[in-house]
Amino acid sequence: MPELPEVTTIVAELNSAVVGKTIKEVIFKDARLLKAIKPQIFVKEVVGQKIVQALRRGKVIILKLQSGKFIIIHLRISGWLLLAGEEGKHSRIILKLSDGKLLNFCDGRVLGELRLVDDWHDLNVVKTMGPEPLEISKQEFAKLFEGKKTKIKPLLMDQHFLAGVGNIYAQEAVFCAGIHPEKEANKLDKKQLEKLYDCLIHVLEEGIKDGGTSADSYFRLDGSKGTHVEHLMVYQRDGKPCVKCKKPLIRITTSGRGTVFCPHCQK
DNA sequence: AATGGGACCTGCGCGC
DNA sequence: TGCGCGCAGGTCCCAT
């Protein structure tokens, strides 16, 4: 799943490989990904437009156009972007660029979204989004948890609470901090919150360093894989030995989401 | 305020 | 090898 490190990787690559190019043509293989605007209107608005900047907020990819409008891309679960000379697997919407390359919005499950907006700040998803974990201090981080009775792991994944953390990095962060994923957030003491902050920053930064986690259907812009999957401690490792204590990791479902953890190391 | 469940979707892994 | 079933999961929406 594309989370903060994956989207950060993609946006950096868009900035070096796509920014400065002009959209020549839009090809709809599956227009269902396009939301809140008719295909012909979208085409009229974006064809001939130069892409001037790529940005990220949470898991949202933002492409600024010369006109001042923004193309909004949300990859959700199974989406990825591919910049290549040809179509990719599960290409749904394709932007043909001035250098002849195709910017493919690929998505296996068709749950991703493509939009065009006047100002990305006005997007509901952005207006209700929590702070960026890499942009807040330890003190600000700790303050978020005051009075929160929610289980810690689903709370970390709540985009209204904190932006960009999903199922992979939430599991990795609580494992790193030695905290049980179902621990009530407000029962964490100061020391645990500080440890959790350090761990969250750590797993996100390591993810970015590795170009993301290609565990399911995430790929970098050129189609290659991010290498962070080999550094995951718990995600999708149920039954395998804990890297700390060697006892087998177990899998539970928390708020409807699969969660792998070590019952011995995480209290 | 917080939690739970359904809907959106389809590829893929599993069991037979 | 082939078929059918049901899970996976980010986000939104509704109900409790």
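So that the names make sense, note that chain A is the first sequence line, chain B the second, and so on, each numbered from 1. Predicted, not measured: the structure shown is a model, and the values here were computed from it.
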> What is the nucleic acid contact for A:Tyr169, judged by heavy atoms within less than 4.0 Å: base, sugar-phosphate only, or nothing?
Replying inline: nothing

> Taking CZ from A:Phe161 and C1' from B:dA2, how many angstroms apart are they, rounded to a whole number?
Replying inline: 14 Å

> Hey, which of these two, A:Arg76 or A:Arg92, hits DNA chain B nearer its 5' end, going by closest nucleotide?
Replying inline: A:Arg76

>> Please give me every residue in residues 116-134 of chain A whose heavy atoms get under 4.0 Å of an atom in DNA chain C, ordered by residue number.
In response: A:Val125

>> What is the separation between atom CE on A:Met157 and atom P on B:dA2, rounded to the nearest whole Å?
In response: 17 Å

> Is there a donor-acceptor contact under 3.5 Å from the side chain of A:Asp119 to the main chain of A:Asp122?
Replying inline: no

> Contact class for A:Gly166 vs. all strands (heavy atom < 4.0 Å): base, sugar-phosphate, or nothing?
Replying inline: nothing

> Yes or no on salt bridge (Lys or Arg N to Asp or Glu O under 4.0 Å) for A:Lys209 and A:Glu206, after CA distance, side-chain angles and deciding distance?
Replying inline: CA-CA 5 Å; A:Lys209 203 180 289 177; A:Glu206 289 296 307; 3.0 Å; yes

>> Regarding A:Glu113, tell me which of base, sugar-phosphate or nothing describes its non-hydrogen contacts under 4.0 Å with the strands shown.
In response: nothing

> Rounded to the nearest Å, what distance is computed from the NZ atom of residue A:Lys151 to the C1' atom of nucleotide B:dA2?
Replying inline: 11 Å

>> Just the rounded figure in Å: distance from C1' of B:dA2 to CD1 of A:Ile152.
In response: 15 Å

> Can you pull the contact range of chain A along DNA chain C, 5' to 3', using atoms under 4.0 angstrom from its heavy atoms?
Replying inline: C:dA8 to C:dC12

> With a non-hydrogen cut-off below 4.0 angstrom, is A:Gly112 in contact with a base, only sugar-phosphate, or nothing?
Replying inline: nothing

>> Mind checking if A:Lys89 touches a base, just sugar-phosphate, or nothing, with heavy atoms under 4.0 Å?
In response: sugar-phosphate

>> Once disulfide (SG to SG under 2.5 Å) is applied, what residue pairs with a partner in residues 67-178 of chain A remain, sequence neighbours excluded?
In response: A:Cys176-A:Cys199

> If only atom types and distance count, is the side chain of A:Ser214 paired as donor or acceptor with the main-chain N or O of A:Lys225 below 3.5 Å?
Replying inline: no

>> Using a 4.0 Å heavy-atom cut-off, does A:Gly258 contact any base of the nucleic acid, only the sugar-phosphate backbone, or nothing at all?
In response: sugar-phosphate

> Taking CZ from A:Phe145 and C1' from B:dA2, how many angstroms apart are they, rounded to a whole number?
Replying inline: 16 Å

> What do you reckon, are the aromatic ring centroids of A:Trp80 and A:Phe219 less than 6.0 Å apart?
Replying inline: yes

> For DNA chain C, what is the dot-bracket line, given that a base pair needs Watson-Crick (N1 to N3, plus N6-O4 or O6-N4) or G-U wobble (N1-O2 and O6-N3) geometry with both distances under 3.5 Å, and | means paired with another strand?
Replying inline: .|||||||||||||||

> What residues, two or more places apart in sequence or in another chain, satisfy side-chain contact (heavy atoms from CB on, under 4.5 Å) together with A:Lys69?
Replying inline: A:Glu45, A:Ser67, A:Leu116, A:Asp118

>> What is the separation between atom CZ on A:Arg109 and atom P on B:dC12, rounded to the nearest whole Å?
In response: 9 Å

> Would you say the side-chain atoms of A:Gln266 pair up with the backbone N or O of A:Cys262, donor to acceptor, closer than 3.5 Å?
Replying inline: yes

>> According to side chain to side chain donor-acceptor pair (under 3.5 Å), who are the partners of A:Lys153, at least two apart in sequence or on a separate chain?
In response: A:Asn167, A:Thr259

>> Rounded to whole Å, please give me the gap between NZ in A:Lys149 and C1' in B:dG4.
In response: 18 Å

> Between A:His228 and A:Tyr169, what is the ring plane arrangement, given parallel below 30°, perpendicular above 60°, and tilted in between?
Replying inline: parallel

> To the nearest angstrom, how far is A:Asp30 atom CG from B:dT10 atom C1'?
Replying inline: 11 Å

> Under 3.5 Å, is there a donor-acceptor pair between the side chain of A:Glu3 and the main chain of A:Val165?
Replying inline: no

> When you measure from the side chain of A:Gln53 to the backbone N and O of A:Lys64, does any donor-acceptor pair fall under 3.5 Å?
Replying inline: no

>> For A:Ile23, run the side chain to side chain contact (heavy atoms under 4.5 Å, CB included) check against A:Leu103, A:Val43, A:Leu95 and tell me which one passes.
In response: A:Leu95

